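Only one structure is covered here, and it is reproduced in the block below.
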Amino acid sequence: MPELPEVETTVRGLERVLHGRRIARVEARRPDLRRALPHDLGQRLTGARVAGLRRRAKYGLIDTDRGDTLVFHLGMSGRWRIDPTELEKHDHLLIETDEGRRLALNDPRRFGSLDLVRTVTLENWPPFAALGPEPLDITAAELKRRLAGRSAPIKLLLLDQRIVAGLGNIYVCEALFRARIHPKRAGGSIGTERLKRLVEAVHAVLAEAIAAGGSTLRDFAAPDGELGYFSKKFLVYDRDGEPCACGGVVKRFVQGGRSTFYCPRCQH
DNA sequence: AGATATTCCTGGAGGC
DNA sequence: TGCCTCCAGGAATATC
């Protein structure tokens, strides 16, 4: 499933196709993903030049020279297909550039979203207004401040996009394992040293995943390529019952309705 | 306010 | 083999 590193990789891949190009044609193949698309989406995008691509949390942003930003979230199953030979089921949006290249946003489960937002209003756009800092930028001091007084389990607090914006289930599990912090620990009770370890772990696990995605991207030249996924081996995620390097066994339990994976021997 | 539950959606896995 | 149920997940929304 696409998390921050996959979105970052996707944005970099789309940049190669889109940067500086003019959008020649747009086809919305269904009127909604998570939300309804603006009725004038095609009109506003067609003929616009792509001014730049960015990522915010797990959102990808495509800025145009007309003051609009196309904001996509890949949800559970979203991916961009580059120069597809033919359209598939679940290709919800098609973009064609002035060079004749094609991009298809494919999302079978439709947990993703697609919005066209005025660029200058992005910060106040409701999905963005309450977002916390980027996990790659956050410092231990900032995280400590944001966790202060919170009694909820650290696992759930790290998934809360208002505290830190961009972490998903996989990388929260992996970062807590690396920092040797138990996922049930009350967020506000974690000491400064351990928070430093946690922030370092968050930075490291994301940086490694982005680097792995980057290497995938380097080789990417397929005419019917897909962007958004790369293989990565995890130390605890989806490894219930498998051995940990310490000799213990990875366990799974449910927190806030979703799976947490951890090593009871390493994490306290 | 903070914590918790529910909803959305579909493909894939597993059971019988 | 086919049909069934269950499960995965992020974010918005509702409820306590």
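Model, not experiment: these values are computed from the prediction. Naming: A, B, ... by sequence-line order, numbering from 1 per chain.
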Subject >> Set of side chain to side chain contact (heavy atoms under 4.5 Å, CB included) partners for A/A24, sequence neighbours left out >> reply: none

Subject >> Within 6.0 Å of CZ in A/R162, more than 12 heavy atoms from elsewhere >> reply: no

Atom pairs under 3.5 Å, N or O on each side, protein against nucleotides 3-7 of chain B: can you list them with distances?
{"unit_1": "B/dA3", "atom_1": "OP1", "unit_2": "A/S151", "atom_2": "N", "d": "3.2"}
{"unit_1": "B/dA3", "atom_1": "OP1", "unit_2": "A/S151", "atom_2": "OG", "d": "2.8"}
{"unit_1": "B/dA3", "atom_1": "OP1", "unit_2": "A/A152", "atom_2": "N", "d": "3.2"}
{"unit_1": "B/dA3", "atom_1": "OP2", "unit_2": "A/R150", "atom_2": "NE", "d": "3.1"}
{"unit_1": "B/dA3", "atom_1": "OP2", "unit_2": "A/R150", "atom_2": "NH2", "d": "2.8"}

**OP:** Give the rounded distance in Å between these two atoms: CZ of A/F234 and P of C/dG9.
**Re:** 11 Å

Original post:
What's the OH-C1' distance between A/Y59 and C/dA12, to the nearest Å?
Top reply: 9 Å

Subject >> Value in whole Å for how far the P atom of C/dG9 lies from OH of A/Y171 >> reply: 13 Å

**OP:** Would you confirm whether A/T119, through its side chain, and A/G67, through its main-chain N or O, come within 3.5 Å as a donor-acceptor pair?
**Re:** yes

Original post:
Quick one: A/R35 CZ to C/dA11 P, roughly how many Å, whole number?
Top reply: 10 Å

**OP:** Just jot down the side chain to side chain contact (heavy atoms under 4.5 Å, CB included) partners of A/T46, sequence neighbours excluded, or say none.
**Re:** A/V26

Original post:
Over how many whole Å does the gap from A/R162 atom CZ to B/dA1 atom C1' extend?
Top reply: 10 Å

Subject >> Worked check of side chain to side chain contact (heavy atoms under 4.5 Å, CB included) between A/L167 and A/L206 >> reply: CA-CA 9 Å; A/L167 292 178; A/L206 292 177; 4.0 Å; yes

Subject >> A/E6 CD to C/dG9 P, straight-line distance once rounded to whole Å >> reply: 13 Å

**OP:** Give a yes/no answer on whether the side chain of A/K58 brings an N or O atom under 4.0 Å of OP1 or OP2 in C/dG9.
**Re:** no

Subject >> Side-chain heavy-atom pair A/E88, A/R81 within 4.5 angstrom cut-off >> reply: yes

Original post:
Tell me: CD of A/Q161 to C1' of C/dA11, nearest whole Å?
Top reply: 8 Å

Original post:
Between C/dG10 atom P and A/D160 atom CG, what is the distance in whole Å?
Top reply: 13 Å

**OP:** Find out whether A/F234 and A/F261 are in side-chain contact, i.e. whether some heavy atom of one side chain is under 4.5 Å from a heavy atom of the other.
**Re:** no

Subject >> Overall bend - the helix from B/dG2-C/dC16 to B/dC16-C/dG2, comparing terminal axes fitted on five pairs, nearest 10 degrees >> reply: 50°

Original post:
B/dG11, C/dG10, C/dG9: which one has an atom nearest the side-chain heavy atoms of A/K89?
Top reply: B/dG11

Could you go through residues 150-158 of chain A and list every donor-acceptor pair under 3.5 Å that involves a side-chain atom there, pairing it with any protein atom two or more places apart or in another chain?
{"unit_1": "A/K155", "atom_1": "NZ", "unit_2": "A/N169", "atom_2": "OD1", "d": "2.8"}
{"unit_1": "A/K155", "atom_1": "NZ", "unit_2": "A/S259", "atom_2": "O", "d": "3.3"}
{"unit_1": "A/K155", "atom_1": "NZ", "unit_2": "A/T260", "atom_2": "OG1", "d": "2.7"}

Original post:
Of all of residues 108-131 of chain A, which get a heavy atom below 4.0 angstrom from DNA chain C, listed by number?
Top reply: A/R109, A/F111, A/P127

**OP:** Describe, in one word, how the ring planes of A/F253 and A/H182 are oriented to each other, choosing from parallel (under 30°), tilted (30 to 60°) and perpendicular (over 60°).
**Re:** tilted

Original post:
Using 4.0 Å as the upper bound for N to carboxylate O, is an ion pair formed by A/R197 and A/E200?
Top reply: no

